[in-house]
Amino acid sequence: DPRETTYLLDFDQEAWVKSELMISSEALESISGTPARLITGVAGSGKSLALLYRARLQAKCAASASRCTLFITHNKPLIGDLKWRYGRLAAMMNEGGAEVEATHFVHFFRWCGTLRYDEKLSLIGTQERKSHITRLANEAFPNSGLSDSFFIDEIGFIADQIDDSAPGYLAMDRTGRGIALDRNQRLKMHAVYQRYRSSLAVNRETDWPFIVRMVWEKVRAGQLRLPRYDTIFIDEAQFFAPVWFAILKACLKAPGGEFVVAADPTQGFLKRRLSWRAVGLNVVGRAARLKKSYRNTPAIQAFARRFYNSRIQASEHLAEETILPEGGEGITQHTRDTPRLIKHRAVQDSILWTANEIAASVRSGLSPGAVLVLIEDRSSLDALRATLEGKLGSDKVTLLSDQAPSAASTVAIATFNSATGIERPVVFLLGIDTLFESEGDPRLDHRQRSEMIRDHTRKIYMALTRAGEKLLIS
């Protein structure tokens, strides 16, 4: 159980945490682009911990009581964990009071909701979204062979850009999107995007990408009164879209405001494919890379790295930034903490086996709070919860939320997409086979399949590296 103490940081972490803590606003103003400090590293290398320490020390060093800091990420469960750890860190350092209160923790979509953009719209359901976009796409691209998920993802991609106009879309760099579109195809795709958004507006509905879009459009028009921050800390920044950065940049105090960012591009499975320069952040000379993982056992590290390398070609490692744990080549296949793979015919069998294993371990003395269960298929989440509650009791199972998951004494359950930044000593993974099965869809062409394999590999790698001591895959 690693604990946040004043002596936990290693040399590289501490050097980054304490570098330029008292840099002047004049010095920041002289940096071209938006000033940003970046820390990257392998999963479990302490990136989030370094952010928390820097936020704590920065608050302590600040001379002004009016200094305001935002700590933000894309993941609702993670932000609760970060807030809890920050408060615990402040208590261990015998600090608190106004400095702690001036640091605000929130996930991105909730923060957007606090801006009061005054749009009273209903959120479209998942199935309704799919059928609506599929109908519009089939009208524009009859017999194209392109999958429904491609059109859904592409609409989100357009909405995520700072300029979502037709000329802007024609000029966009779509590198990494998997499927090339010529000028005519882009124009038709943009027409689908416009028709989808317009049809939602007529019905007083919206979709998740358009919530952020509406905020940005009001920010750009000067119609929102934005909060102002001296520093904005962003964890898991590999999942942030260009328009998210644009909104947050508008909230930095000038002069003197800066971003402090943590990211692991190896886990970026949401098709962002961003460079820091592309979103206007200047990290030159102000970046550090952590190469040592403190979360996982060597056996789990080696397993995750072998899995990643077995599916991603070396040429792709060079084309896109990846950061994998070093060492571990000498780990044998049969050490005590080697990850276990248990095959079942159906997801219901995996759920029942997992519940029985956890129940037996708890009876043997394992704390329920040491266990995290991740499942890929959201539709199976209720069945997983009900089965676990039947074995352990309803008070011993928690769906990860923005409460403090690190403080919980219950088994935590979540989907893969909700698990970024979260960790537990014991992790069960269910439903990976559904990802592999989707890669064999005969309707996919080579580019689509390669793109899907890359995104699935990154998602599974992220899930594998949530485990600190024991990993079981069913």
Side-chain angles (χ1 to χ4, degrees), residues 31-38 40 70 72-75 106-113 115 117 150-179 181 186 189-190 193-194 196-197 206-222 224 226 229 232-252 254 257-265 267-284 287 319-321 417 420 451 455 458:
I31 299 173
S32 60
T34 301
R37 183 171 299 280
L38 171 67
T40 63
L70 176 67
I72 196 165
T73 188
H74 78 298
N75 189 357
V106 66
H107 69 84
F108 185 79
F109 281 101
R110 174 165 291 182
W111 178 79
C112 283
L115 299 181
Y117 51 90
F150 167 78
F151 292 109
I152 295 171
D153 289 344
E154 193 69 10
I155 285 176
F157 173 75
I158 298 172
D160 280 343
Q161 307 308 309
I162 294 173
D163 180 3
D164 71 338
S165 67
Y169 183 50
L170 290 175
M172 283 178 198
D173 180 4
R174 295 183 67 261
T175 301
R177 298 295 299 162
I179 298 175
L181 298 178
R186 288 201 191 198
M189 185 67 237
H190 193 269
Y193 169 80
Q194 288 183 313
Y196 177 57
R197 188 175 181 186
T206 190
D207 203 346
W208 284 112
F210 300 143
I211 292 175
V212 181
R213 190 86 229 157
M214 288 184 291
V215 171
W216 170 238
E217 288 166 355
K218 290 186 178 295
V219 168
R220 191 167 50 184
L224 279 182
L226 297 172
Y229 303 101
I232 297 178
F233 288 83
I234 304 177
D235 200 6
E236 304 288 342
Q238 69 269 16
F239 297 113
F240 275 52
V243 72
W244 297 20
F245 281 107
I247 295 170
L248 291 171
K249 283 166 66 176
C251 295
L252 280 177
E258 69 169 340
F259 284 112
V260 182
V261 177
D264 178 2
Q267 299 181 47
F269 52 85
L270 297 184
K271 294 185 172 68
R272 299 299 189 209
R273 309 287 194 264
L274 293 179
S275 70
W276 305 116
R277 179 178 295 180
V279 294
L281 302 188
N282 187 344
V283 300
V284 176
E320 294 189 5
E321 184 182 9
N417 284 354
T420 55
E451 176 75 6
D455 287 341
R458 291 183 168 191

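Residue numbers start at 1 and run along the sequence shown. No experiment lies behind these values; they were computed from the predicted model shown.
Considering all non-hydrogen atoms of both residues, M189 and I155 come closest at CE-CG1, 3.8 Å. The two residues I158 and M172 make their nearest non-hydrogen contact at O-CE, 4.3 Å. Shortest non-hydrogen contact noted between A237 and F245 is O-CZ, 4.1 Å. Here the closest non-hydrogen pair linking P209 and G156 is CG-CA, 4.2 Å. The shortest non-hydrogen separation linking C112 to V215 is CB-CG2, 4.2 Å.
Put simply, the side chain of T73 never gets that close to the backbone of H107: no donor and acceptor are under 3.5 Å apart. A donor-acceptor distance shorter than 3.5 angstrom exists from the side chain of R213 to the backbone of Q161, with no hydrogens or angles considered. Here the side chain of H190 pairs a donor or acceptor atom with the backbone of A166 at under 3.5 angstrom. No donor-acceptor distance shorter than 3.5 angstrom exists from the side chain of Q238 to the backbone of A263, with no hydrogens or angles considered. At least one donor-acceptor pair under 3.5 Å links the side chain of N75 to the backbone N or O of T420. Checked by atom type and distance alone, the side chain of R174 never pairs as donor or acceptor with a backbone atom of Y169 at under 3.5 Å. W216 places a side-chain N or O within 3.5 Å of a backbone atom of I162 that can act as its donor or acceptor partner.
Under the side-chain contact (heavy atoms from CB on, under 4.5 Å) criterion, V283 pairs with A36, L38, W276, not counting sequence neighbours. Remark: R197 pairs with E217 by the side chain to side chain donor-acceptor pair (under 3.5 Å) rule, at least two apart or across chains. Not counting sequence neighbours, the partners of L226 by the side-chain contact (heavy atoms from CB on, under 4.5 Å) test are L115, V219, L224, A250, C251. Taking F151 as the reference, F141 meet the ring-ring contact (aromatic ring centres under 6.0 Å, His included) condition, with sequence neighbours excluded. Residues forming a ring-ring contact (aromatic ring centres under 6.0 Å, His included) with F233 (at least two apart in sequence, or on another chain): F71. Shown here are the side-chain contact (heavy atoms from CB on, under 4.5 Å) partners of L248, two or more places apart in sequence or in another chain: L70, I72, F108, W111, I232, I234, F240, F259.
In summary, the side chains of D163 and S165 do present a donor paired with an acceptor at a separation below 3.5 Å, with no hydrogens or angles considered. D207 and Y196 form a side-chain donor-acceptor contact under 3.5 Å, judged by distance and modelled atom types alone.
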Starting from the C-alpha separation in whole Å, work towards a yes-or-no answer on side-chain contact (heavy atoms from CB on, under 4.5 Å) for V261 and R37.
CA-CA 6 Å; V261 177; R37 183 171 299 280; over 6 Å; no
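Side-chain contact between E236 and D264 is absent, with no heavy atoms from C-beta onward closer than 4.5 Å. Contact of the E258 side chain with the L252 side chain is not registered, since no non-hydrogen atoms from C-beta on lie closer than 4.5 Å.
Taking the six-membered ring for Trp and the full ring otherwise, F109 and W244 have centroids separated by under 6.0 Å. For Y193 and F157, the ring centers are positioned 6.0 Å apart or more.
In this structure, CD on E154 lies 5.5 Å from CG on L181, to the nearest 0.5 angstrom.
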